Every structure is written in structure tokens, then in C-alpha cells.
Asks: 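Structure in C-alpha cells, see below.
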Amino acid sequence: MARIELKNVEKAFGKVEVIKPLNLDIEDGEFVVFVGPSGCGKSTLLRLIAGLEDTTAGTIEIDGKDSTSMPPGKRGLAMVFQSYALYPHMTVRKNIAFPMRMAKIPRAEQKRRIESAAEVLNLTDYLDRRPGQLSGGQRQRVAIGRAIVREPSAFLFDEPLSNLDAALRVGMRMEITELHKRLETTMIYVTHDQVEAMTMADKIVVLHDGVIEQTGSPLELYNRPVNLFVAEFIGSPKMNIINGEQASGIDAYKIGIRPEHISISTQSGLWKATVGVAEHLGSDTFFHAKVEGMSDPITVRTDGNMQVDRGSTIYLSPDEQKVHRFDSQGIRI
Amino acid sequence: MIDNTSSFRVKKAFGVTMMLVLLFFAALPTVWVLIMSFREQAAIFEPIWESPLAVTLDNYRGIARSDFPKALLNSFICAGSSTLLAMIVGVPAGFALAKSRLSGKFYASWLLLLLRMAPPVGFVIPLFLLYVNAGLIDTYFGLIVAYMTLTLPLIVWSMWNSFAQVPDELIEAAIMDGATLGKAFMQVALPAARPGAVAAAILGFLIVWNDFFYALIITRSSTVTAPVAVMNFISYDSVDWGSIAVASIALTLPILPLMVIANRYIVQSLSGAVKG
Ligand SMILES: Nc1ncnc2c1ncn2[C@@H]1O[C@H](COP(=O)(O)OP(=O)(O)OP(=O)(O)O)[C@@H](O)[C@H]1O
Ligand SMILES: [Mg+2]
């Protein structure tokens, strides 16, 4: 169980400031996801918490104790790496036992924990194999097993699913969420996939160029993005960003409207548009439409059964309640 | 799929032929030495069909009675200890160089390369002068230390490369799991780099085993190593070819198993055996 507080934490590699001074509170038992584009500093921030990198400035408190210069092994955190980082020369059993062996936990207790972890993670039949003889999903589970047996006060995950195929990823996502519900341990999870962030997180931290753009629950970020970056980053497909007279008409520099908040009519509406390419997903259809007087096409969601022909004319009406307005700095109005 | 096109078969035949030619040239001297070792002294340069019965074990008996077995033992002691000591120092050094974020690493690599490429004469003359003054000529200690100038750079250099191939995350995982740096090194990094370590140790051993020059300068009598001892069979007026042949065999046989192991591990360490 751990509450983690970052106070004015900053990290520079040489002259490059990778993490600008930032503050962050992670509550006990919370599932926090760091999300952001590649190179924004997610891994670095996680590694600072882990102790694998030294902070350039600021303090990291774990459960109210200043842990800024505590060695990684003493912080009571477990980490799951993107490459799984399983010890290649050890069997699955020995891999899972390793942290307990380091902590000098009695043999019998080690055995008990290995068996219960193996059962939860469906690894019982593989305990005597080497990591090289396992599939990607199984390796991932071994890595998780190795993390849970030491009963850490928080788990750190660095893009743990990015080496798995799409189907397996959805399954593992559920398993990790399930694990969090069962253990109720703090988890910090790094990903660049906003779908993972939305589905798993209690709290999302959106990072961009070493700065926290916004912190909040998935729905807060979805409903009230504080700036253009977050607005565009969260949600799939992306929010439509519109400037020009449609924006200035409602006193904004730019406005944003999500594809799912635009209604369609063949008779009348606010914007007259020509239908472009359509993407049929079965449940939904997303199509691109060129609105008269707008430079970029916008994306619209409709029911999967609606037939819209390419080149036909339709009318689009954004839901006024759901229009996001931004000023010239990209800040929400 | 097996490629059975004729152009492939031609290429394959060519490859096999080339290998046979190579094998022939490699094997010829070996076979010759082997035959020589069983020939009577007088018949050594006669074609084998002229005196096929001039066969003897005298050469072997002579070697067994000579100082040569002692010299072989010296070779073992020197090659073994200088490799072992260099491993004890060099393996952790290679680890540190591969994994620390120190900035001066470039200079270290430069220095190591220099040490590896410099001709032995460059070391032997200063060492010789030093040893004469320090009374280290013809001592095991002096010889072993001298050989470490060969083995240590080799081992540091190749372990640096081996450890560089061990993913950082593996060591970080061990550290996160509560291992001290020492345990992460001994229990995770070193096993992962084991093929490289075995290959480095064997290569180090072989360099010393085959060395002639250092031993020639630094030894006198009691610590003479086998390659130098071979010279004793060459005297002013005659050369004892039969004994030299036996000595060559005695020098080669012990390292054959090492060659086989080294071959396996070098291939393994080149093909990245640390991949999970
Ligand atoms: N050891 C290092 N030395 C110098 N620069 C580094 C180091 N580690 C990371 N960086 C830089 O810091 C920035 C952030 O890196 P980081 O790995 O945290 O990004 P990330 O958000 O995890 O990206 P990704 O999604 O690609 O994993 C990058 O620009 C990277 O080049
Ligand atoms: Mg990363």
C-alpha cells in the first residue's frame, strides 16, 4: 500500500530537460496511467519513481517518507518492463522466486506464493520451463508473477503490453485490471495507447514534452480537456478541431467537437457537407465529410447500419453542449 | 524448403570442394608430424614407402624422460593462473565499462585497444629490465604477471562486448527485485554473458599457452614453458626432429577439448545467446 508524492521533480540528461519541474500525487490503491506521445518522458518519470534514475531536483515521497535517494530495491516497488526482462538462464519458478530470494523470505513461504501466483496467472504447467520456451503472453505473465510475489506497495508497468498482438493485448488488459481490483495495490502504468489509458485508469496523467498537461479521471479528460493537446490526444477517433468563422462565431479561436457528438440529417442542419471515405466497423461507421467553408474534412460517427454514399450531400449539426472552445494559446475557454 | 535448383547444387559443390582443399592443407602438417613422431631418427626424412618398418616409440620414451613434462606443467600453471587472475579482475571491469554511465569510457576503450595491438616487444623489454632489478626473472610470479599484460586487455575487451549485449533492463529488473549490484552481477549479468566469458577465458588461455616470446625472455630454467622447451631439442650440430614432433603433439592434445568448447561458445556468444 503506498501513496506516492512527487514534489517539483525534475530530470535533465546533460543539458536536455526531459522532465520539467512537476508535482503529482498518487493515492493509495489508485490505478494511474501515464500517457503521452513517444519521447514525452513517460518512462523517465516512471524510472524516477522506481529509483532507476536520479532526480535532478525535487523530492519523491513514498508513504510520506522521503525516498528521493533511496536505492530502488528498498522502495518496495515492483516493476514490469516492456521487454519483460526475465532472467534467461533461470526457470519460470526461479524467475518468480528471485525477488523473494533477495528478500530472504523462508523457502516454504516462497513455495506457497509461487504456487498461488502461478495459479492466478495460469502458469502452473510452465514453472519448470525457461523463458525462451514461452510465448509472449506467457512471458508477460511470468513478469507479472515475479512482481506480485514480493507483495510490493506499488506496481510500476512500462508499456507491458506493447509487444503483444492485438487480441492478446485486450485479454492482458483485463487481467491487469482484474489484478488491480483483487490486490487493491497502487499501480502506475505507462502507455502511449490512449485506449489502454481510458479503459484501465482511475486517473490519467497526460504528459507532453516533459510537462503534465492534465491529470484526471478518464471521463474528466474526455469531457473537459483543459487544452487542445489533451483534447486531441484523448478519444478515438480524434476530436475534430475547427477554426475560422465557425469558431469565431462563438467567440473562440478554435473549437473541438468529437465525431460522436455530431448528428446527421439528409434534409437540414447547421453545416452542409459532402461525404468522403467511410470506415465501417460494424457497430459504428465513421465517415469523413468535407464541410463547405472548412479547410479540413471532419470525422463523424453514425450508426453502423446507416448507408451514406460517397459524394452525396448531407447536413451536420454539432451538439452545442458538447462543443469545446479554445483560445489562441490552445487553452480551454 | 530445400532448394534443388542446379545453380544451388553447383554452388554447394564448389563450397564443399573449397572446404576439402582447406582441410587438406590444414591436416597435412598434422599428419606429417604424427608420422614423424613414430619414425626412427635415421629414417625421419626418408619417404615412408622406402622404410615402412622404421617405426619406434623411442621418441615418446625420450620425451617422457626429458624435462619436457615439467615444461608442460609450467605452461599449464602460467596459462591457467594468468587467465584466472585476469578473469577475476577483467570480468567485473568489463561489466563496469559496459554498464556504467561514466563519461571517460571512450578513453578506456582506446587504451585497451592500444594494449591489445601493441607489439609484445614493447612490453617485454621494459618488463625484462624491471624484472632483472626486482629479481623476478625465472619466477612463476613474474611470468604470470607478464602474461596478464596479454590476457587482461583481451578479457576486459571481450567481456565489455559480452556485457554490452546483456539488456540493461535485465540488470535493472534484478536491482528492482532487491538485488545488490554485486548480486545482480553474479546472478543475472554474468550467467547471461556466460558464453562470452567462457570464450574469453579459453582465448586467454590459448594465447599464453602458445606464447614463445615472453617465456623466452623471462624464463631461464625452472619456469621454462613448453614452447621454449622445444628449443632444447635443437642443438648445435643436430635437430632431434622426432622429439620435436612428439613435443608438438603434447602441446596440441591438451588444447583440443578447449578448441571444441570454445568453438561452441564463440558461435553462441556471436549469435546473441542472451535473447530471452
Ligand atoms: N539515458 C538517457 N540519456 C539521454 N537522454 C535520454 C535518456 N533516456 C531518455 N532520454 C531522452 O528523454 C526523452 C524521454 O524519454 P522517455 O524514454 O522517457 O520517453 P517515453 O515517453 O517513454 O517514450 P516512448 O513512448 O517512446 O517509450 C527522450 O527524448 C529521450 O531521448
Ligand atoms: Mg518509454
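Side-chain atoms are counted along with the backbone in the values below, which use heavy atoms only and exclude waters and symmetry mates. In this text, all values refer to a predicted model and were calculated from it rather than measured experimentally. Naming: A, B, ... by sequence-line order, numbering from 1 per chain.
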Asks: Can you say whether Ala50(A) sits under 4.5 Å from chain B via the side chain, the backbone, both, or neither, judging by heavy atoms?
Replies: both
Asks: Spell out, as yes or no, whether a donor-acceptor pair under 3.5 Å connects the side chain of His89(A) to the backbone of Gln187(B).
Replies: yes
Asks: Counting only heavy atoms closer than 4.5 Å, note whether Arg75(A) contacts chain B via side chain, backbone, both or neither.
Replies: neither
Asks: Can you name the nearest heavy-atom pair linking Asp177(B) to Arg150(A), along with the distance?
Replies: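 Closest heavy-atom pair between Asp177(B) and Arg150(A): CA-NH1, 3.8 Å.
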Asks: What pair of heavy atoms forms the shortest contact from Phe98(A) to Val188(B), and how long is it?
Replies: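 Heavy-atom minimum between the residues: CZ-CG2, 3.9 Å.
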Asks: Taking atom NZ of Lys20(A) as the centre, report whether more than 12 heavy atoms of other residues, nucleotides or ligands fall under 6.0 Å from it.
Replies: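 Atom NZ in Lys20(A) is packed in, count exceeds 12.
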Asks: Compare all side-chain heavy atoms of Arg47(A) with those of Glu172(B) and state whether any distance is below 4.5 angstrom.
Replies: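 Arg47(A) reaches Glu172(B) side chain to side chain.
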Asks: Can you tell me if CD on Glu178(A) sees more than 12 non-hydrogen neighbours from other groups inside 6.0 Å?
Replies: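 Open: at most 12 neighbouring heavy atoms sit under 6.0 Å from CD of Glu178(A).
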Asks: Considering non-hydrogen atoms only, spot the tightest contact between Pro72(A) and Met176(B) and give its length.
Replies: CB-SD, 3.8 Å
Asks: If you compare all heavy atoms of Arg146(A) against all heavy atoms of Ala173(B), which two are closest, and at what distance to 0.1 Å?
Replies: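 The answer is NH2-CB, 3.6 Å.
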Asks: Determine whether Pro71(A) and Thr180(B) make a side-chain contact, defined as any pair of heavy atoms from C-beta on separated by less than 4.5 Å.
Replies: no
Asks: Leu170(B) and Leu86(A): which non-hydrogen atoms are nearest, and at how many Å?
Replies: CD1-O, 3.1 Å
Asks: Take a 6.0 Å sphere around CE of Met186(B) and say whether it holds more than 12 heavy atoms from other residues, nucleotides or ligands.
Replies: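 No - once you tally the heavy atoms of other residues, nucleotides and ligands closer than 6.0 Å, there are 12 at most.
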Asks: Taking atom NZ of Lys11(B) as the centre, does the number of heavy atoms from other residues, nucleotides or ligands within less than 6.0 Å exceed 12?
Replies: no
Asks: What part of Met90(A) gets closer than 4.5 Å to chain B, counting heavy atoms only: side chain, backbone, both or neither?
Replies: side chain
Asks: Decide if atom CZ of Phe13(A) counts as having more than 12 heavy atoms of other residues, nucleotides or ligands within a radius under 6.0 Å.
Replies: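 Yes - once you tally the heavy atoms of other residues, nucleotides and ligands closer than 6.0 Å, there are more than 12.
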Asks: Could you look at Lys104(A) and say if it's the side chain, the backbone, both or neither that has a heavy atom under 4.5 Å from chain B?
Replies: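 Looking at Lys104(A), just its side chain touches chain B.
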